[in-house]
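Written below as structure tokens is the structure these notes are about.
Below, chain A is the first sequence line, B the second, and so on; all start at residue 1. As the structure is a prediction and not an experimental result, all values here were calculated from the model.
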Amino acid sequence: MKLGLVIDLDVCVGCHGCAVACKQWNTSGTTGPLTDTDAYGAEPSGVWFNRIRSYEVGDYPHNKTVHFPMSCMHCEDAACVTVCPTGASWKRQEDGIVLVDQDKCMGCNLCSWACPYGARELDPASGTMKKCTLCIDRIYDERLPVEERQPACVLTCPAHARHFGDFDDPESDVSRLTRERSGYALMPEMGYKPTNKYLPPRQKRTVDTSDVARGGVRDKLKAWVNRVVAR
Amino acid sequence: MAGFEKIPDFAKELPQFEPRDKQQTHFTTCYMCACRCGIEVTVEDNKVRFIRGNRNHPVNRGVMCGKGNAGIMKQYSPAKLKGPLRRKPGSERGSGEFEEISWDEALNELTARLQKIRETDPKKLAFFTGRDQMQALTGLWATQFGTINWAAHGGFCSVNMAAAGLYMLGHAFWEFGDPDWDRTKYFMLWGVAEDHASNPIKIGLEKLKRNGGKFVAINPVRTGYQAIADEWVPIRPGTDGMLALSMVHVLLSRELVDFDFLIRYTNAPWLVVNTQGQKGDGLILRDENGKPLAWDLEKEAFVDATQAEIKPATFGEYTAPDGRPVRTVMTVLVEKYLDEQYAPENAAKICGVPAEQIERMALEIAHVAFKETITVDVEWTDWAGRKHDKFIGRPVSMHAMRGISAHSNGFQAARAIHLLQTLLGTIDCPGGFRAKAPYPKHVPPPIKPAREMAPNTPLKSPPLGFPTGPEDLVIDADGNPLRLDKAYSWDAPVAAHGMMHMVITNAVKGDPYPIDTLILFMANMAWNSTMNTKSVQEMLREKGDDGEYKIPYLVVSDAFHSEMVNFADLVLPDTTYLERYDTISLLDRPISEPDAICDSVRIPVLEPDRDVRSWQEVMVDLAGRLKFPAFTGEDGQPKFSGYKEFITQWEKAPGIGFLAGWRGKDGEKSLRGEPNPNQWEKYKENGAFFEYHLPESTRFYKFANKEYLELAKEAGFNGSSEPIIFELYSEALQKFRLAGQGLYDGPMPTREEDKERLTNWFDPLPIFYVPLEEQRIDTDKYTFHAVNQRPMLMYHSWDSQNAWLRQILAQNFLYMNRSRALKMGIEDGAWVWVESHNGKIRVQVKLMEGVQEDTVWTWNAIGKQGGAWGLSADAPEAARGFLMNHLISELLPPKEGSRDITNSDPITGQAAWYDLRVKITPAAPGETGSWPQFDTVKPLPGAKPSPSEVRHQSHEAVNLVRPIDDVLSRGAK
Amino acid sequence: MHPALSVIFFTVTSGAGYGLFILLALAHVFGIGDPLTVGEFYTAGILSLVMITAGLLSSTFHLANPKNAWRAVMRFRTSWLSREGVFAIAFYPFAVLYMLGFYINGLELGVPCILFALIGALIALITVFTTGMIYGSLKTIPQWSTSLTPANYILLGLASGATFFTAIRALAGSEVGTIAALAVALVAIAAIGKVIYYFWIGRESITINTATGFTRAVVRLLDTGHTCDTFLNREFGHTIDCAKVGLLRGVVYLLAFALPIILLAMIATQNGGSGLALLAAISIYLGTGVERWLFFAEAKHVVNLYHGRQSC
């Protein structure tokens, strides 16, 4: 299996729901807690697995705003795993999820250096690297209803801009969406074969007005004619 | 995908990550904003594990936004109040010196004070509430107390939106109506800054885009929802009304209107008296029974316009039996909007939107409405009993919010948008703008605001209502305001939500009269929920010659240590949303959907660990102590043991109570039925909400749908099942205008400026006018419009203390159009002075593409007073964040010969805080940090310092261990 | 990239230490220059081990969870950091045996001694190479992702080692013409390597457009999604302005290359004494420190593209 996410840039409105849901689930999850520092002070910071950046494409007034959530891409050829000296970082053979074994990590940061996507953040309290687990502690949980065996970010997304599934299965939603909407990977030139895919904004819809555009009466009021309509 | 139906074999070897045996799940309602999503809260050892959307809930269908997901950090905020507090005797108000007292002491003190007021002069109590959504209860409480000085925050939120809708359609944007997301093909979003409503709009926009619909966003700023629009219209703030009316002009000039709809469901064929300069001019021609008249084309006679089967003329001028000239509403309307002033070329100059674009958009909506018409093949019966085999849908829909409403021309602008919708026939039809129960109501809802007060006596009607003429104003015989906020006076005759923003100013000035006690619930009026923050703080501290505070007694109920709490004489600590019972009632602002009548509740999921009580509970307690009739039994003792019992037992009318679900003794009745003592349990079983699915035949055209209208009457939504007729032309407004012209039989203003305001702005048809502040200042000096937007991840001030959300946003910037700023020599990150007629602030600039060139904007309510909300003195919110509020005056700029007039919509009293005009100059080198700065709020007694490190965890993590042979044996992959 | 002092100290000091050891071993085994004295041998040998060890210890300060440092040898199969660890450890027995052999046999070169010396030197060279490869293998940092990176590490290690070796011998009063000449050559080659490197990193290939996939118009960051710094900003967000880069590169050219070459050349041509040799060693050590600081400071991690940087 090749589990991963599809993120639809056409509908993401930048609410940060996915990021906070992730924070919420994972702070009590398998690699939790996700430490926050200076929480009420001058430099509030903390460990997040998912961050949303916003970009503007083009110049005013032809600009478009794009909200861009980023988390671990669960690369097929994950450089973060390659460079890890301790073996704490690993990619599961069964489902392709990239994880950090919290008991093994020595906090050298090299994996975060190797990751082009900023997907890994060091927890200053535990001294270990933490990252998206694709909610491995949710997706296989038989005690959850079927619909909820999904990553917290996908479950919560109000715009349904996030989809979870198996890219090895050509019939899965994620495979189909990637195919139909020209899903693309970020920085493919790195050669890490990221599993997650991004759906580009759709083409703008145009509305044909030729069938209503006729007329343009300038001498208008006289042209109005009462029509008999029963109330 | 729906998740693994069959758990793969390999996954069965995974450890049990969650201690499920220690976890319980509870359903309740989110309160991280006003959207009211259903949530499921997983609790473990009285600690919150996870809050997720309730999959079955009608509002959010399982999803949740950034705010909702951060509920844990609200629950564990160090700023939570711990117990009742009293300002230390001898200390100055606002100095932050408090002493801890018991609830008994607090309530005894408050009861004694309130009792005295109620026995003598009930209006000396002013009770104003913030974003509470429990106005049915607070309003009832004020009514029972006998004070008309009550309102919620609608006066600076969205009254323009609500009132415009209710005076034209009987329903309105947001809580009263929704686009038909499933069917709409063209959606226009006007002035919506990422909220109102939060998740439903996100869910809807995705559906719209998936279905191939077009999304047009009209907003000077391109963030949030606007980001994903197919077309962004960067309009100049405060000119939306003109844009809508110009589109009306285009539609009318091409005859692109739905005549059948207009004739059947609107007052377009009604006849208007045309006797300029005479009494009665502009009123509707009526018969002796007060019925409006129309001209029947077949009968060639005047007929009762509300009858079925008449064939009324849409156009034409006639002579009434009494000899007065009359013409149809539609004639007046067409004549008005075909005027060249509304032509796209002229509108373009005002709105900053190219004429071709205005024309194209108008034609696009016309195309979708008339050439992409849809039908829903369901048989239904109209108000006159006629059967129809289908609902015809014109799949154009719209939604609007604060960008329209927070201007002094917002009421008319919102009406202009509704006019556009109505001309296309897109109201409550498939694909259009649908009503949500208990709306639509009759136009306007037949409730008049209370005027008379007497000691120890409840009011005869609620404090807020809908005037239909000057005789309904809440003024004395001399025309002076009776309400403290001057709502329903000549300042703002249709102030249907009150004018909370004027309360402190008026009370301190003693204009119209001084008060004794001000109770504020959940309203941060000493900071971001006020105009002119600094002077409001000064006013709260102001004393009279007698050494007494101008507002003698200030009671604040809040759950957190807000800036307002710092100014209280008595602090009543509220619970968090996870610790309380609450109702989101059909008597108030419910959670209904177009297809279902819904209400919901909050049920505590955690035991409070502090000495706090929910405000609902305190109100019911106080009502008993003060012996309000509705809360007192025949034995003279309090009737209800508490809020829970009050909710199930109290009836507004026989069978109608706060909750509509599971009524009747055994809970077998919906909407109406006798009280059910087990109602709360039923709600709990059902996931904390009630959903009554409307039969398919009642889902559309509710305003004229017999079956629905009868249901609405039975459910107590409407007093009668008469059809609801849309008032394109508002006779109520015309009555006020006549009063301004001195042509009315009834109360009339005496001051010139009042006459002028009524004459100019109370047009019975939607108009555009330049916002009032702009009319009084030098626009060559104050070249920029300045507006506030709410970020999607925070709601007012509620969550800047939230340890997670403030990591995302702890400092706001002044956003400027990049090329415009660079031309002024202002670089990204520069500090600038922003100056209005009312004051100046120093702020940091961020440049962006997505903002109209003449507009600057910022995120609302991010700036904080250091020390409040558990924040450190040097928190970014305090040191670099800012409030635009300092620049906004609650009064219009002074004008020769005019008294002080509220900076509000002249019709509804909606605070016009988006009218702000400013001048921007670079700060001197070295001038950094936001200004003005405020003293750091002192910690409350017994408060622990906020933690530096937060490591929330409901249970010890179960690490997934990588097998050692895997470590040693795996290759490069 | 954030220039972490512990890592800079580590790479500079242990690099020089390995270089010194290699020079010592080669000079010893192949009799380069005048015969070594016992004192020189001990000074050079012990100094090299001290520098290597101090560097390695310093590198552990960079670890957030050093109690797991021992696990770093586990992923030799793929991780250059792991390989570095393994070689760093493997170096010690050979170095110690070499020194021990010397202790037992004196300057007399036996076969085992030659073997230990050469294997030790080879491992030292490999260790410096693996250090370079830790950085050189990171495609995420275009300025590092080149074979010039390990080449620079090796050349600078050898150059500073040679300079140190020259200084030790000069201070001991030996004739150091040959070894100084060798040092001049090594410093010169290192300088050429570095010049090429600085030229090479001038180009920026990955842009915010390719990173986001929006290639048809200008892309600008509107919001990072956080107000204050995150781990990512602190680790990767370090920026340095052009003027400072120019200045510091000048310092590198001067201290790491020009001055040592001049001083060493003077020594090689019998125009200077031991003081100049010491000055050369101090100069190249400081110069390499600045070079290493710049190596990090000038490196632009591609994640910065997502934080608004236009190209990397």
Side-chain angles (χ1 to χ4, degrees), chain A residues 11 13 15-17 20-21 23-25 27-28 30 32-33 35-42 44 46 56 59-61 63 65 67 82 87 90 94 101-103 137 140 142-143 146-147 149-150 156 158-160 165 173 204-205 207 209 211-213 215 217 220 224 226-231, chain B residues 1-5 7 10-11 17 20 49 63-66 69-70 199 202 206 214 222 224-225 227 230 234 253-254 260 263-264 297 309-311 313-315 338 363-364 366-367 371 792-793 803-804 806-808 849-850 870-872 874 946 949-954 957 959-960 962 967:
Chain A
V11 290
V13 293
C15 75
H16 292 259
V20 190
K23 178 93 176 163
Q24 197 203 166
W25 176 259
T27 198
S28 297
T30 169
T35 306
D36 299 303
T37 54
D38 205 13
Y40 300 96
E56 292 190 311
D59 296 329
Y60 178 85
N63 53 292
T65 308
H67 299 292
T82 309
W90 58 307
E94 302 90 335
D101 182 339
Q102 297 295 303
D103 294 345
D137 42 9
Y140 299 129
E142 217 157 3
R143 296 168 300 176
V146 175
E147 311 76 349
R149 295 175 197 162
Q150 300 200 65
T156 209
H160 296 114
D173 278 359
K204 286 180 194 174
R205 189 195 167 192
V207 177
T209 58
D211 52 359
V212 291
V217 200
K220 302 121 189 164
W224 295 94
N226 271 319
R227 40 193 97 180
V228 179
V229 176
R231 184 166 183 270
Chain B
M1 109 172 193
F4 291 105
E5 240 165 85
I7 304 294
F10 65 76
F17 294 107
R20 282 284 148 68
R49 164 64 182 98
V63 306
M64 216 165 42
C65 68
N69 272 298
N199 289 326
K202 295 172 197 138
E206 190 273 332
K214 179 165 179 176
R222 186 163 206 184
Y225 303 143
D230 293 295
S253 68
R254 315 281 174 111
D260 293 7
I263 290 167
R264 289 188 181 129
L297 291 168
E309 296 301 324
I310 56 169
K311 309 261 165 42
T314 328
F315 297 100
L338 286 183
L363 295 177
E364 285 184 359
H367 166 88
K371 305 294 177 185
M792 222 172 253
L793 58 133
W804 289 344
R806 74 184 289 265
Q807 289 182 48
I808 302 172
E849 300 304 312
L871 297 179
S872 68
D874 57 356
S946 297
E949 192 176 79
V950 171
R951 304 192 82 206
H952 177 80
Q953 198 177 31
S954 63
N959 183 42
L960 183 54
R962 181 182 185 184
V967 174

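Of the possible polar contacts, none joining the B:Ser954 side chain to the A:Ser28 backbone as a donor-acceptor pair under 3.5 Å is found. Of the possible donor and acceptor atoms, one in the side chain of A:Asp137 sits under 3.5 Å from a partner among the backbone N and O of A:Thr30.
Between A:Trp25 and B:Asn69 the shortest side-chain heavy-atom distance does not fall below 4.5 Å. Taking 4.5 Å as the limit, every side-chain heavy atom of A:Val13 sits out of range of all side-chain heavy atoms of A:Val11. Using a 4.5 Å cut-off on side-chain heavy atoms (C-beta onward), B:Lys202 and B:Met792 make contact. A 4.5 Å side-chain heavy-atom check between A:Thr65 and B:Glu849 finds every atom pair outside the cut-off.
If you tally non-hydrogen atom pairs under 4.5 Å between each of B:Gln807, B:Glu206, B:Arg222, B:Arg264 and chain A, the highest count goes to B:Gln807. Note on B:Pro234, B:Ser946, B:Gly870, B:Gly224: by heavy-atom pairs under 4.5 Å with chain A, the leading option is B:Gly224. Most heavy-atom pairs under 4.5 Å with chain A: of the set B:Arg49, B:Glu5, B:Gln953, this distinction falls to B:Arg49. Annotation: maximal heavy-atom pairing with chain B below 4.5 Å, among A:Cys15, A:Pro158, A:Ala21, occurs at A:Pro158. Of the listed residues (B:Asp230, B:Leu960, B:Asn959, B:Ile7), the one with the most heavy-atom contacts under 4.5 Å to chain A is B:Asn959. Ranking A:Gly46, A:Pro61, A:Ala42, A:Gly87 against chain B, the residue ahead of the rest is A:Ala42, based on heavy-atom pairs under 4.5 Å. Interface check for chain B: of the options A:Lys204, A:Gln24, A:Arg205, A:Glu142, the most heavy-atom pairs under 4.5 Å are formed by A:Gln24.
Heavy-atom distances place the side chain of B:Ile808, and not its backbone, under 4.5 Å from chain A. Using a 4.5 Å cut-off between heavy atoms, A:Glu94 contacts chain B through both its backbone and its side chain. At a 4.5 Å heavy-atom cutoff, the contact between B:Val967 and chain A is made by side-chain atoms alone. Contacts of B:Phe10 with chain A are made by side-chain atoms alone, with heavy-atom separations under 4.5 Å and no backbone atom involved. For chain A, the nearby parts of B:Ile310 are the backbone and the side chain; heavy atoms of each come within less than 4.5 Å.
Ion pairing between a basic and an acidic side chain is recognised when a charged N comes within 4.0 Å of a carboxylate O; A:Lys23 and A:Asp36 show such pairing. Salt bridge annotation for B:Lys214-B:Glu364: present, with a cationic side-chain nitrogen under 4.0 angstrom from a carboxylate oxygen.
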